[in-house]
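Values below: every heavy atom of this structure, side chains too, minus hydrogens, waters and symmetry copies.
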Amino acid sequence: MAEAVFRQPAEGGTRSHPFGGDVAFKVRGEQSSGAMTAFETVVAPGEGPPLHTHANEEETLYVLDGEVRFKLGDELVRGSSGSFAFVPRGLPHTFQNVGDGPLRMLIHFSPSGMERFFDAFAAMEAPGPEAFAAAAAPAGMEVVGPPLAADGASDSAG
């Protein structure tokens, strides 16, 4: 059975993030009986993950602070604090911090499982694109393209 979880800002455990920041877990799968994983993440300016898919989880991303550009399938959109994205499993997606300061987002995965990716990535000695892909595969994540910063794409909203 899932347990009730309450976290103060500095509680829950952190892991290194692949894009110049940290992941601060709010709830992990073992605390939610596998129902969800939730964490706050900080992403450095210009950074973001490669285009990828999730085989097993739906993902939501809520912008707490900063400016972001999302690629959701073929759509490119921009957002700021208060923006929200829902990503169904299997949809190619990515994001990029397009602001001058850190991007902070609250991210949920349902069901849980993506904490395995962050645990594996944090344990690697040489982070980078190859490490991202190596940590992603066992967690059901597939890299299907480059980060937005590398693909030359621009959106009409920016």
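- Residues passing the side-chain contact (heavy atoms from CB on, under 4.5 Å) test with A139 are M114, R116, F117, sequence neighbours excluded.
- Using bins of under 30°, 30° to 60° and over 60° for the plane-to-plane angle, the ring pair F70/F95 lands in the perpendicular bin.
- When the side chains of ILVMFWY residues are joined at heavy-atom separations under 4.5 Å, either directly or via intervening members, V98 and L103 end up in two distinct hydrophobic clusters.
- Cluster partners of L64, by chain and number: Y62, F84, F86, L106. The rule joins Ile, Leu, Val, Met, Phe, Trp and Tyr whenever side-chain heavy atoms lie under 4.5 Å apart.
- V144 belongs to a hydrophobic cluster whose other members, connected by ILVMFWY side-chain contacts under 4.5 Å either directly or through intermediates, are L51.
- A search for side-chain hydrogen bond (donor to acceptor under 3.5 Å, both in side chains) contacts involving T94 returns nothing, not counting sequence neighbours.
- Clustering ILVMFWY residues whenever any of their side-chain heavy atoms sit less than 4.5 angstrom apart, transitively, puts F109 in a cluster other than the one holding V27.
- Note that NZ of K26 is 8.5 Å distant from CD of E11, once rounded to the nearest 0.5 Å.
- Between D22 and V42, every side-chain heavy-atom pair lies at or beyond the 4.5 Å cut-off.
- Between the NE2 atom of H52 and the CG atom of L91 there is a distance of 10.0 Å, given to the nearest 0.5 Å.
- The salt bridge (Lys or Arg N to Asp or Glu O under 4.0 Å) analysis of residues 92-111, with sequence neighbours excluded, yields the pairs E40-R104.
- Residues passing the side-chain hydrogen bond (donor to acceptor under 3.5 Å, both in side chains) test with E58 are R89, sequence neighbours excluded.
- Clustering ILVMFWY residues whenever any of their side-chain heavy atoms sit less than 4.5 angstrom apart, transitively, puts M36 in a cluster other than the one holding F118.
- Both M105 and F25 sit in one connected hydrophobic cluster of ILVMFWY residues. Membership requires side-chain heavy atoms under 4.5 Å apart, directly or through other members.
- In this structure a side-chain-to-backbone donor-acceptor pair under 3.5 Å is present from N97 to G101.
- Nearest heavy-atom pair across G34 and P111 is O-CB, 3.2 Å.
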Next on the checklist: Does Q96 form a side chain to side chain contact (heavy atoms under 4.5 Å, CB included) with K71? I'd like the steps, not just the answer.
Outcome noted: CA-CA 9 Å; Q96 179 189 22; K71 184 170 188 175; over 6 Å; no
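- Looking at residues two or more places apart in sequence or on another chain, you find a side-chain contact (heavy atoms from CB on, under 4.5 Å) between V143 and P50, F132, A133.
- Evaluation of the side-chain hydrogen bond (donor to acceptor under 3.5 Å, both in side chains) rule for E67 yields no partner, not counting sequence neighbours.
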Checklist entry - Are V43 and V68 close enough, and set up right, to give a side chain to side chain contact (heavy atoms under 4.5 Å, CB included), and what steps lead you there? => result CA-CA 10 Å; V43 180; V68 66; over 6 Å; no
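- Of all the heavy atoms in G48 and P147, the pair that sits closest is O-CB, 3.9 Å.
- In this structure, the side chains of E59 and I107 come closer than 4.5 Å at one or more pairs of heavy atoms.
- Side-chain atoms of E115 come within 3.5 Å of backbone atoms of G113 as a donor-acceptor pair (strictly under, hydrogens ignored).
- Side-chain contact between H93 and H54 is present, with heavy atoms from C-beta onward closer than 4.5 Å.
- Scored by the side-chain hydrogen bond (donor to acceptor under 3.5 Å, both in side chains) test, E30 finds R28 as partners (sequence neighbours excluded).
- E75 meets the side-chain contact (heavy atoms from CB on, under 4.5 Å) test with V77; sequence neighbours excluded.
- In terms of the ring pair (Phe, Tyr, Trp, His ring centres under 6.0 Å) criterion, H108 has no residue partners (sequence neighbours excluded).
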